[in-house]
Amino acid sequence: MSKITIVCVEDEPDVLDAVIRELEPLEDVFVIEAAENAKEARHLLEQIQERGDETAVLFCDHIMPGENGVDLLVDLQKDERWQDVRKVLLTGQAGLEATVKAVNQAELAYYIAKPWEGDELMQIAKREVSQYLVAKDLNPMPYLKHVNMEIVQDLVRKHLSADR
Amino acid sequence: MSGFDSQPIIPSTTEALEGLVTWARHAGYETLSLEPHQRMIREGDDNSSLYILLKGEVHLSKKSPDGRSQNLDVLGPGSLIGILSFWTGKPSFSDSIAHTHVEYLKVERSVFDSTFAADAEFSRLTLQLLVANLSDRYRRVVGLNLKVAGLTQELQHERNALQTAVEDLKQTRNQMVHREKLVTMGQLLAGIAHEINNPSTSLMQSVARLGQELPALLKDHPDQLRLLEAGNSAAFISTSESRKKMDDLLSAYSDLSRGRARRLIRFPEALLNEIRPDLELSKWDKVDERIRLFELGSSLHSIQIANDRITRLVKSLKRYSRQDESDTTDVNIEACIQDTLLVLNHRLKHYDLSLDLADLPLVPGQAGEINQILTNLLTNACEATDVGKTICLRSGKSEGAVWVEVEDEGHGIPESLIKKIFEPNVTTKSGGGQYGLGLGLAISRDLAMQYEGTLSARNLKDAGAVFRLELPLTP
């Protein structure tokens, strides 16, 4: 079965480490991958698709060497392969202009300001993965441990009755 | 008494006056007199007599709209008083009050009228007198008007001068407020640096102690000690390499979880090989124990690195703000540059920073203020340049001076502003910068001039600008 993947793009190693550690519990049922810059992120998305998996959520920093996060997200949105990927900005330094651009041109799903509070990151990851499941009408049952029940409840009902 | 011309009007009509006086005496009129402050005619009363002033001074006054008495004129011998009310029959125009001892003739209208009608010589003289009186008073009014015009102009000049003074004051006040802000910020920075320094020092000591105690604790368990030390010296791997290594491990051991694999890939090859048997047999408890020790060492390392950064930053912040110095000392410009670069790192990292710094001798000045100038120049360069482009920082020695240049690839300084860029309230930033007053360069130049230095700017041929700070070695 195709594995649902969450990708994190961040250029500072210790921050990336912190993000991954926070999201690790989700690896019970999902896969977490990481990239250090925009170029690698694109490559990674393709790799994931090539091996038959799908990327549900992309957490992206803004200030990175070379291409910045918002420009990456805007660019990805233009590619129909990645339009369904839920895009989240995770950054300490995106100004209003950049954020507006991300919202308007990249269909930004959420903005998390660094440093994030408590388990905000985990909650948003769960939420966005759940939105992805609903959007793609996927069977949520294997992932119930780590979804946002409110968002997927209709989907669950549908698959429960289908299973009968 | 105000508003007066102190010179009394004395109509120069000797012949006509003598004629009128002679006639009046013949007609039986006797000389009347008044003492000072006695009233001759009251404003607003009906008046049917013509008063001929023979001796003394009479003051004319009129009530102004706010009820106060406004002095109009002073009349001397030869003046006719009550002309208007006498001639037109309207109520008296003004108050006439004796100022000195006054002697006068008072002629009834009825008598005057009949003589005026009958005697041609009489009417000629009288008219002459009347006209002379009135024209003198008219002249006076004209004179007053001219004076008013002159005063109005003076007033206007004074107003303009005041306006300029107010503008200057505003300017100065803005500059002072701005400098106050900078001083306050400097104090805040120093305060924060100090506050952070204490817990930071405590952190450092605790970590150092931990770094000693843990190995001591484990000295009887060399295997565990090795894991701890391996974790403490392990480097971060790039994400692409991580992926490759993780894929290798995951494909080698089918039951291995991604979380464990992610940690194991940082193990040195030798240690990893020791764990492989446990991986084969899925002995996760033992694997986890090893990972835990490794991670402990790694966490210690992370704390040490992070605390190092804090310590360096605090040191630079303290040097940067230099609140403890208010006198001119010998300043190490290189240290200033390093401190400023560190403090501004969060902004400068978005740009390609190119440094070309020379060894510089000490320069008389104040480190805190020099840091302010450097900060101003660097943040201006950031504001003018697109992210990712180059900002150059150069320094060097010249004849008896030290110089620092900040060069950017930005939009340059508009030709119209090049001469004025160091004046207050001149800015090329659109939509309000951080302070929005356009004072940064003005203050920077002021600061440079304090130490007999200069701050200058020029545009580059292709694009961008260069700002140059020069400070003399001896003031």
Side-chain angles (χ1 to χ4, degrees), chain A residues 3-48 50-51 53 59 61-71 91-98 114, chain B residues 231 234-247 249-251 255-266 288 291-292 294-295 298-310 344-353 382-383 386-390 430-434:
Chain A
K3 289 205 228 106
I4 297 200
T5 311
I6 299 172
V7 172
C8 305
V9 188
E10 166 66 57
D11 68 305
E12 288 190 46
D14 35 4
V15 179
L16 182 57
D17 194 53
V19 171
I20 293 180
R21 274 177 202 271
E22 174 115 2
L23 296 177
E24 235 169 23
L26 295 174
E27 275 191 317
D28 285 347
V29 293
F30 301 118
V31 170
I32 303 191
E33 293 275 16
E36 278 168 339
N37 53 60
K39 191 164 155 208
E40 198 190 324
R42 284 196 180 83
H43 194 59
L44 180 57
L45 287 173
E46 282 171 2
Q47 265 186 329
I48 294 170
E50 265 161 39
R51 67 181 188 222
D53 293 336
F59 284 96
D61 186 22
H62 180 50
I63 301 296
M64 294 186 294
E67 193 179 349
N68 70 44
V70 167
D71 286 344
T91 180
Q93 288 175 308
L96 180 61
E97 224 182 284
K114 270 193 245 169
Chain B
F236 278 110
I237 320 179
S238 76
T239 42
S240 43
E241 212 189 315
S242 285
R243 262 199 301 285
K244 214 166 84 47
K245 287 189 156 175
M246 267 178 79
D247 282 342
L249 268 180
L250 290 169
S251 45
D255 268 345
L256 183 61
S257 70
R258 287 181 63 87
R260 285 193 184 99
R262 196 173 278 124
R263 283 154 183 70
L264 287 170
I265 55 177
R266 292 180 64 214
D288 285 345
I291 291 178
R292 243 199 308 279
F294 186 87
E295 292 286 294
S298 178
S299 297
L300 261 176
H301 193 194
S302 293
I303 302 176
Q304 278 162 342
I305 296 180
N307 200 48
D308 256 341
R309 276 174 76 177
I310 295 175
L344 288 179
N345 181 55
H346 66 289
R347 278 198 86 164
L348 293 171
K349 73 176 180 184
H350 304 340
Y351 303 89
D352 178 21
L353 195 60
C382 289
E383 304 251 345
D386 290 332
V387 164
K389 291 253 178 83
T390 309
S430 53
Q434 289 181 353

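Residue numbers begin at 1 in each chain, while the letters A, B, ... track the order of the sequences.
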Spacing of NE2 belonging to A/His43 relative to CZ belonging to B/Arg243, to within rounding of 0.5 Å = 7.5 Å

Mind checking the CD-CZ spacing from A/Glu27 to B/Arg262? Nearest 0.5 Å is all I need.
-> 4.0 Å

Is atom CZ of A/Arg51 surrounded by more than 12 heavy atoms (other residues, nucleotides or ligands) closer than 6.0 Å?
-> yes

Just wondering, are more than 12 heavy atoms of other shown residues or ligands nearer than 6.0 Å to NZ in B/Lys349?
-> yes

Hey, are A/Glu33 and B/Arg258 close enough for a salt bridge, meaning a charged N less than 4.0 Å from a carboxylate O?
-> yes

Of the listed residues (B/Gly259, B/Ala306, B/Ser242), which shares the most heavy-atom pairs with chain A below a 4.5 Å separation?
-> B/Gly259

Sequence neighbours excluded, which residues qualify as ring-ring contact (aromatic ring centres under 6.0 Å, His included) partners of A/Phe59?
-> none

Report the residue from A/Leu16, A/Ile20, A/Asn37, A/Val9 that forms a side chain to side chain contact (heavy atoms under 4.5 Å, CB included) with B/Thr239.
-> A/Leu16

Can you say whether B/Ile237 sits under 4.5 Å from chain A via the side chain, the backbone, both, or neither, judging by heavy atoms?
-> backbone

Partners meeting side-chain hydrogen bond (donor to acceptor under 3.5 Å, both in side chains) with B/Ser238 (sequence neighbours left out) | B/Ser240

Side chain from CB out, backbone as N, CA, C, O: work out which of these in A/Ile32 comes under 4.5 Å of a heavy atom of chain B, or both, or neither.
-> both

Atom group of A/Glu24 that falls short of 4.5 Å from chain B, counting heavy atoms | side chain

